[in-house]
J.: 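Below you'll find the structure I mean.
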Amino acid sequence: MPELPEVETVRRGLVPVLEHRRLTRVTLRRGDLRVAFPPHFAERLVGREVKRLFRRAKYLLAELDEGETLVMHLGMSGRLSVHAQERHRRLGRYTRVPAPAEVGRGPHDHVIIETDAPATIVFTDHRRFGLMLLLETATLEQHPLFDGLGVEPLSKRFTAAYLGKVLEGRRTPIKSALLDQRTLAGLGNIYVCEALFRAGISPKRSASKVDRARSLRLTRAIRSTLRQAIKAGGSSLRDYAHTDGALGEFQHRFAVYDREGAPCPRAGCEGGIKRIVQSGRSTFFCPACQR
DNA sequence: CTTACGGCCTGTACGC
DNA sequence: TGCGTACAGGCCGTAA
């Protein structure tokens, strides 16, 4: 799935069942994701409290007590679904009624996390490009996964000046440079295509030849695209869904992505959307308005 | 150093 | 219907 807006939407869905909650049970159904689970992964999580749930690039991070952080990445096809458990009052005490037995029983359900919300969270990933790790909070930024990531595109540090600086001297096309998480953290193929269209920049333009005016337009286009996508709950194409199973809506607003042959949506433009392949990935753009 | 490419997995859509 | 091929939102290791 998931680029920044999708991961952010999932994060918001998980906050009520994770933040300031305790992990009561963790079950691993299979252990062969892109990165193997650390030893005793499940046992180490049980009983821990989640202090906050935040996002860096496309990573979801649950900061736990005792100085450790649970790192989650959804890869291409990962999903996190929340199944609320009921709380019944019986004999003056609250008794938990577990989620139905079929929850977490799918062939690609890898991890089941129960919390005292009470709720069951299931991590599903049929392509197994996702990962879950437990890392020390203090040295998180130095870990190879995070060391060298670019700035967050929705933070104050993301400015036209920053963009100009990180694109300087790069000989690769702007499309490829924006997909590189060291340039900017969190963009993927969809939102790069959409932002370049909004900024009127050709995906084939050399990154080093994105001038001042263009980098200003691009900065604004990236911010507006991401903000609107988050507001729409992300884009649901194949695997992506919210934690409650609802679908995102932003796919209905794509100007270029997956619209090969469609007329360019810009008023007054007679051109059509073209698809090309750049470093092995599909790029969609309007050759008439993107220069 | 930078950049390009293949591979990791499985599922789905499409053409014959 | 069945089969083969291409492709999919990410990332990493290797090679040039």
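These numbers were taken from a predicted model, which means no experiment stands behind them. Chain letters run A, B, ... following the sequence lines, proteins first, then strands; residues in each count from 1.
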J.: Tell me if the side-chain of A:R127 makes a donor-acceptor pair with the base of B:dC9, cut-off 3.5 Å, by modelled atom types.
T.: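 Indeed there is one.
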
J.: Please pick, from C:dC7, C:dC11, B:dC9, the nucleotide with the shortest atom-to-atom distance to any side-chain atom of A:R128.
T.: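 My answer, after comparing the listed nucleotides, is B:dC9.
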
J.: For atom P, what is the distance between C:dC7 and B:dC5, given to the nearest Å?
T.: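 To the nearest whole Å, 15 Å.
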
J.: Have a look at A:Y257 and say if it touches a base, only the backbone sugar-phosphate, or nothing, with a 4.0 Å heavy-atom cut-off.
T.: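 A:Y257: backbone/sugar contact only, no base atoms under 4.0 Å.
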
J.: In plain terms, say whether A:R11 and A:E8 are close enough for a salt bridge, that is, a side-chain N and a carboxylate O under 4.0 Å apart.
T.: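 Yes, A:R11 and A:E8 are salt-bridged.
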
J.: Could you please name the option among C:dC11, C:dC12, B:dT3 that lies closest to any side-chain atom of A:R171?
T.: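 The nucleotide sitting nearest to the side chain is B:dT3.
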
J.: Which nucleotide sits closest to the side chain of A:T172: C:dC12, C:dC11, B:dA4?
T.: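 So the nucleotide nearest the side chain must be B:dA4.
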
J.: For A:I190, which contact category applies under a 4.0 Å heavy-atom criterion: base, sugar-phosphate, or nothing?
T.: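 Contact class for A:I190: sugar-phosphate only.
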
J.: Would you call the rings of A:H108 and A:H110 parallel, tilted or perpendicular, where under 30° means parallel and over 60° means perpendicular?
T.: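 Because their plane-to-plane angle lies in the 30° to 60° range, the rings of A:H108 and A:H110 count as tilted.
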
J.: Is it the case that over 12 heavy atoms from other parts of the model lie below 6.0 angstrom from the CD atom of A:Q142?
T.: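 Atom CD in A:Q142 is packed in, count exceeds 12.
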
J.: A:M132 CE to C:dG10 C1': how many Å, rounded?
T.: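 Result: 16 Å.
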
J.: Please give the distance between the P atoms of C:dC3 and B:dC9 as a whole number of Å.
T.: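 It comes out at 25 Å once rounded to the nearest Å.
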
J.: Considering only side-chain heavy atoms of A:E3, which listed nucleotide, C:dA8, C:dG10, B:dT10, is closest?
T.: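 Nearest to the side-chain atoms of A:E3, counting from C-beta on, is C:dG10.
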
J.: Does A:Y59 have A:R56 sitting over its ring (NZ/CZ under 6.0 Å from centre, angle to axis within 45°)?
T.: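 The answer is no; the distance or angle limit is not met.
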
J.: OP1 or OP2 of B:dC9 less than 4.0 angstrom from a side-chain nitrogen or oxygen of A:H126, does that happen here?
T.: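 A:H126 to B:dC9 OP1/OP2: no side-chain N or O under 4.0 Å.
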
J.: Strictly by Watson-Crick or wobble contacts shorter than 3.5 Å, is anything paired with B:dG6, and which nucleotide is it?
T.: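 Checking every strand shown, B:dG6 finds its partner in C:dC12, with both distances under 3.5 Å.
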
J.: Check this for me: does any side-chain nitrogen of one of A:E19 and A:R52 sit under 4.0 Å from a carboxylate oxygen of the other?
T.: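 Salt bridge flag = no for A:R52 with A:E19.
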
J.: What is the separation between atom CG on A:D239 and atom P on C:dC7, rounded to the nearest whole Å?
T.: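 The answer, rounded to whole Å, is 18 Å.
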
J.: In whole Å, I'd like the distance from the CG atom of A:L133 to the P atom of C:dG10.
T.: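 About 19 Å, once rounded to whole Å.
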
J.: Of the nucleotides B:dT3, B:dG11, C:dC11, which has the atom closest to the A:H108 side chain?
T.: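 For A:H108, the side-chain atoms sit closest to B:dG11.
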
J.: Mind calculating the distance between CZ (A:R182) and C1' (B:dA4) to the nearest angstrom?
T.: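 For the pair A:R182 CZ and B:dA4 C1', the rounded distance is 13 Å.
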
J.: Between C:dC11, B:dC9, C:dA8, which nucleotide gets closest to the side-chain atoms of A:H73?
T.: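 The answer is C:dC11.
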
J.: Is the shortest side-chain N/O distance from A:R170 to OP1 or OP2 of B:dT2 below 4.0 Å?
T.: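 No.
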
J.: Using a strict cut-off of less than 4.0 Å between a Lys/Arg side-chain nitrogen and an Asp/Glu carboxylate oxygen, indicate whether A:R170 and A:D180 qualify as a salt bridge.
T.: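 A salt bridge links A:R170 with A:D180.
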
J.: Check the distance between B:dA13's P and A:D258's CG and give it to me in whole angstrom.
T.: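 Atom-to-atom, A:D258 to B:dA13, this comes out as 13 Å.
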
J.: Less than 4.0 angstrom from a charged side-chain N to a carboxylate O is my criterion; do A:E194 and A:R253 meet it?
T.: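 Answer for the salt bridge query: no.
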
J.: Is there aromatic stacking of A:F129 against B:dC8, centre distance under 5.5 Å, plane angle under 30°?
T.: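 A stacking contact exists, since A:F129 sits close and nearly parallel to the base ring of B:dC8.
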
J.: Could you tell me how far apart A:L179 (CG) and C:dC12 (C1') are, to the nearest whole angstrom?
T.: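 Distance, rounded to whole Å: 15 Å.
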
J.: What's A:G188 touching, base or sugar-phosphate or nothing? Going by heavy atoms closer than 4.0 Å.
T.: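 Since only primed, P, OP1 and OP2 atoms lie under 4.0 Å of A:G188, the category is sugar-phosphate.
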
J.: Among B:dT3, C:dG10, C:dA8, which is the nearest nucleotide to the side chain of A:R281?
T.: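 Out of B:dT3, C:dG10, C:dA8, the nucleotide with an atom closest to A:R281's side chain is C:dG10.
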
J.: C:dA8 C1' sits how many Å from A:E260 CD, rounded?
T.: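 The answer, rounded to whole Å, is 15 Å.
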
J.: If you only use heavy atoms from C-beta on, which nucleotide in B:dC8, C:dC7, C:dC12 is closest to the side chain of A:L145?
T.: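 The listed nucleotide nearest to A:L145's side chain is C:dC12.
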
J.: Below the 4.0 Å mark, does C:dA8 have OP1 or OP2 next to a side-chain nitrogen or oxygen of A:S282?
T.: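 Yes, such a contact exists.
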
J.: Would you kindly give the CG-to-C1' distance between A:L237 and B:dT10, to the nearest whole Å?
T.: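 Computing the A:L237:CG to B:dT10:C1' distance gives 17 Å.
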
